[in-house]
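What follows is a single structure, written as structure tokens, with notes after it.
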Amino acid sequence: MLQYLIILLDDTSTSFCHYENTKSERRLNPIETLKQGIRFGMMENLMIQFVYPDYDLPEGYEEAIESIDHSKIKPVEKSADVWVVKDICGIESDVPVVWRTNKHELMYHENDIIDALRNTPRLNIVLTDVDAFTDPDFDYYKVFLEKLSEKVEALYVEDKTPQLNLLTDRMMLSQMNNCGAGETSITLAPNGKFYVCPAFYYEDENDSIGDLEHELNIKNKQLYQLDHAPICRHCDAWQCKRCIWLNRKTTLEVNTPSHEQCVMAHLERNASRKLLNNIRKHGTFLPEQEEIKEIDYLDPFDKRDEWI
């Protein structure tokens, strides 16, 4: 069931996920299209997320935006509900921060991540080159997560409550918490058409799922649901993004993640398991949460004969 509507305010709106926005020419979402999108969200009882470009909007836009409950996703700016940053060094924020980076940059910023966890309510790290990970990269990522986990544990000992998607989300979850594109969220682009998510729009404007003048038309929409994902529905890496766009890009199936996405998610899951066990040595922590079980695989595809 739809819960969220993402509205891109411009073709140059900031990316907040795995996809790259390579558009450099501004195309502002027309004010009437924006108002129609807001009306659609209101009629469907959807929470709206406005994704901003890096320039000030013309007169009238903010008034329209403030006419409905919403959240603002922006490049670093004080009035945002979520900041999207390219550089994590020295970040201090009262709102959640999304850091988009790559595998090479990530490994050099262990201490900056810890500083950010001290100075922000939440940090989401989004890797933009998941599909380029190799076996040596997985080894590095495992070691990186283990080292980071030790420092996050120290923060808990200091009576802090850091939130880092790569490590702490899985400890708090009791079911899948994926991106939901095509099932719980859709995107309205500046051309007045709907898309599964912003990535689908930026990759191919013809890949729409309807427009404001007609009903939504999500082909085979059941495939965006967890119960139609033959491997994911058995998996307990509940923090996994299960990115629909990456799925289609790497496996040609929206309901089947790639080997790279699965292995990374399970390395995070296992690091979360160790972190949770270590934190509990210092006192009672999440007593209502079940233990994260030990597993003997990193790619659930290896268990397909047991599950399918």
Side-chain donor-acceptor distances from residues 249-261 under 3.5 Å, at least two apart:
{"from": "Lys249", "atom 1": "NZ", "to": "Asp131", "atom 2": "OD2", "distance (Å)": "3.4"}
{"from": "Thr250", "atom 1": "OG1", "to": "Leu246", "atom 2": "O", "distance (Å)": "2.6"}
{"from": "Thr251", "atom 1": "OG1", "to": "Asn247", "atom 2": "O", "distance (Å)": "2.8"}
{"from": "Thr251", "atom 1": "OG1", "to": "Glu253", "atom 2": "N", "distance (Å)": "3.3"}
{"from": "Thr251", "atom 1": "OG1", "to": "Glu253", "atom 2": "O", "distance (Å)": "3.2"}
{"from": "Thr251", "atom 1": "OG1", "to": "Thr256", "atom 2": "O", "distance (Å)": "2.7"}
{"from": "Asn255", "atom 1": "ND2", "to": "His228", "atom 2": "O", "distance (Å)": "2.7"}
{"from": "Ser258", "atom 1": "OG", "to": "Glu260", "atom 2": "OE1", "distance (Å)": "3.3"}
{"from": "Ser258", "atom 1": "OG", "to": "Gln261", "atom 2": "N", "distance (Å)": "3.2"}
{"from": "His259", "atom 1": "ND1", "to": "Asp299", "atom 2": "OD2", "distance (Å)": "2.7"}
{"from": "Gln261", "atom 1": "OE1", "to": "Arg242", "atom 2": "N", "distance (Å)": "3.3"}
{"from": "Gln261", "atom 1": "OE1", "to": "Cys243", "atom 2": "N", "distance (Å)": "2.7"}
{"from": "Gln261", "atom 1": "NE2", "to": "Asn247", "atom 2": "OD1", "distance (Å)": "3.1"}

Kindly list each side-chain donor-acceptor pair under 3.5 angstrom involving residues 214-223, sequence neighbours excluded, with atom names and distances?
{"from": "His214", "atom 1": "ND1", "to": "Asp211", "atom 2": "OD1", "distance (Å)": "2.8"}
{"from": "His214", "atom 1": "ND1", "to": "Asp211", "atom 2": "OD2", "distance (Å)": "3.3"}

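Under the 3.5 Å distance criterion, the side-chain polar atoms of Asp115 are left unmatched by any main-chain donor or acceptor of Gly90. A distance-only check finds no donor-acceptor pair linking the side chain of Asn119 to the backbone of Ser93 [under 3.5 Å]. Distance alone, capped at 3.5 Å, places no donor-acceptor pair between the Ser15 side chain and the Glu20 backbone.
Listed by chain and number, the residues in a side chain to side chain contact (heavy atoms under 4.5 Å, CB included) with Asp87 are Cys89 (sequence neighbours excluded). Listed by chain and number, the residues in a salt bridge (Lys or Arg N to Asp or Glu O under 4.0 Å) with Arg26 amount to none (sequence neighbours excluded). Partners of Thr134 under the side chain to side chain contact (heavy atoms under 4.5 Å, CB included) rule, at least two apart in sequence or in another chain, are Pro136, Asp137. The salt bridge (Lys or Arg N to Asp or Glu O under 4.0 Å) test applied to Lys72 returns Glu66, not counting sequence neighbours. Evaluation of the ring pair (Phe, Tyr, Trp, His ring centres under 6.0 Å) rule for Tyr141 yields Phe133 as partners, not counting sequence neighbours. When the side chain to side chain contact (heavy atoms under 4.5 Å, CB included) test is applied to Glu203, the partners found at least two apart in sequence or on another chain are Trp245, Arg248. A search for side chain to side chain contact (heavy atoms under 4.5 Å, CB included) contacts involving Lys142 returns Glu146, Leu267, not counting sequence neighbours. For Glu32, the salt bridge (Lys or Arg N to Asp or Glu O under 4.0 Å) criterion is met by no residue, not counting sequence neighbours.
Pairs of residues two or more places apart, or lying in two chains, that qualify as side chain to side chain donor-acceptor pair (under 3.5 Å) and include a residue from residues 41-53 are Tyr52-Glu62. For residues 170-180, the set of pairs meeting the salt bridge (charged side-chain N to carboxylate O under 4.0 Å, His left out) definition, not counting sequence neighbours, comprises Arg170-Asp236.
Other residues, nucleotides and ligands contribute at most 12 non-hydrogen atoms within 6.0 Å of the NZ atom of Lys274.
Linking Ile, Leu, Val, Met, Phe, Trp and Tyr whenever their side-chain heavy atoms come within less than 4.5 Å puts Leu145 and Met171 in one cluster. Hydrophobic clustering (ILVMFWY, side-chain heavy atoms < 4.5 Å, transitive): Ile68 and Ile6 are in one cluster.
In this structure, Lys74 is not positioned above the aromatic face of Phe50 in the sense of NZ or CZ being under 6.0 Å from the six-membered ring centre and within 45° of the axis.
Close placement of the Tyr297 and His266 rings is indicated, their centers lying within 6.0 Å of each other. Between Tyr202 and Tyr195, the gap from one ring centroid to the other reaches at least 6.0 Å.
At least one side-chain heavy atom of Trp99 sits under 4.5 Å from a side-chain heavy atom of Leu106.
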